[in-house]
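Throughout, residue positions are numbered sequentially from 1 according to the sequence presented. Just so you know, these numbers come straight off a predicted model, no measurement behind them.
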Amino acid sequence: PILHGLAFLGIAARCVLKTYGGNDADAFKAMNVRFSKPVIPGQTLETEMWLQPGINFSRVIFQTRCKETGQLCITNAFMEIHKDKLTMPSKF
């Protein structure tokens, strides 16, 4: 069996929103992703993020990797966060 794409999208989106949106759903503006590889239930996911500041919103570029295989399962992804809700992570 494989893990449904929306399930691991939710895991990655929550990670980005927790890191840069203060875990506040109101901070979310938009998101775009590409599912590139399947994930099997029980595998560990790591999400890497980069902040790209904008004028009215900030865009967080991210990708998610399966730790066991090393393959990217989400690529070409971004989440837009409302500028007034943007929080900077205290540590990485």
Side-chain angles (χ1 to χ4, degrees):
I2 62 170
L3 186 63
H4 193 282
L6 291 179
F8 65 88
L9 169 62
I11 293 167
R14 174 69 190 259
C15 184
V16 174
L17 196 58
K18 184 177 179 183
T19 303
Y20 285 104
N23 221 11
D24 181 3
D26 291 333
F28 176 84
K29 182 177 186 313
M31 182 169 52
N32 188 42
V33 303
R34 177 181 177 268
F35 298 109
S36 56
K37 294 284 182 188
V39 173
I40 296 173
Q43 290 181 321
T44 306
L45 302 177
E46 293 179 327
T47 301
E48 302 163 340
M49 299 168 258
W50 302 268
L51 181 64
Q52 179 184 14
I55 295 172
N56 296 322
F57 60 87
S58 291
R59 182 175 281 186
V60 179
I61 310 297
F62 69 96
Q63 63 185 17
T64 302
R65 180 181 312 275
C66 176
K67 194 172 184 179
E68 286 78 9
T69 65
Q71 295 182 324
L72 292 171
C73 56
I74 294 178
T75 58
N76 301 334
F78 68 82
M79 179 184 289
E80 293 176 353
I81 296 178
H82 290 286
K83 191 80 163 184
D84 59 336
K85 301 281 187 173
L86 181 68
T87 60
M88 297 305 289
S90 58
K91 66 178 184 175
F92 288 92

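- Of the inter-residue distances, the one linking R59 atom CZ with L86 atom CG reads 14.0 Å to the nearest 0.5 angstrom.
- For the ring-ring contact (aromatic ring centres under 6.0 Å, His included) condition, no pair includes a residue of residues 52-87, sequence neighbours left out.
- The two residues C73 and C66 come nearest to each other via the heavy atoms SG-N, 4.5 Å.
- Take T69 and apply the side-chain hydrogen bond (donor to acceptor under 3.5 Å, both in side chains) test, not counting sequence neighbours, and it matches no residue.
- Checked against salt bridge (charged side-chain N to carboxylate O under 4.0 Å, His left out), K29 has the following partners two or more places apart in sequence or in another chain: E80.
- Under a 4.5 Å side-chain heavy-atom criterion applied to ILVMFWY residues, the cluster that includes L72 comprises that residue alone.
- Summarising the local packing, NZ of K83 is surrounded by more than 12 heavy atoms from other residues, nucleotides or ligands at distances under 6.0 Å.
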I'd like a table of donor-acceptor pairs (distance under 3.5 Å, sequence neighbours excluded) in which one partner is a side-chain atom from residues 38-48, with atom names and distances.
residue : atom : partner : partner atom : Å
Q43     : OE1  : I40     : N            : 2.9
T44     : OG1  : E68     : OE2          : 3.1
T47     : OG1  : T64     : OG1          : 3.2
E48     : OE1  : Q63     : NE2          : 2.4

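- The structure places OG of S36 at 9.5 Å from CZ of R65, a figure rounded to the nearest 0.5 Å.
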Could you give the side-chain donor-acceptor pairs of residues 3-17 under 3.5 Å, partners two or more places apart or in another chain?
residue : atom : partner : partner atom : Å
H4      : ND1  : L6      : N            : 3.0
R14     : NE   : N23     : OD1          : 3.1

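- Annotation: side chain of T87 is not in contact with side chain of D24 (no heavy-atom distance under 4.5 Å).
- Residue A27 comes nearest to G21 through the heavy atom pair CB-O, 3.7 Å, listed as atom of the first residue, atom of the second, then distance.
- The cluster map of Ile, Leu, Val, Met, Phe, Trp and Tyr, joined by side-chain heavy atoms under 4.5 Å apart, puts I61 and M88 in different clusters.
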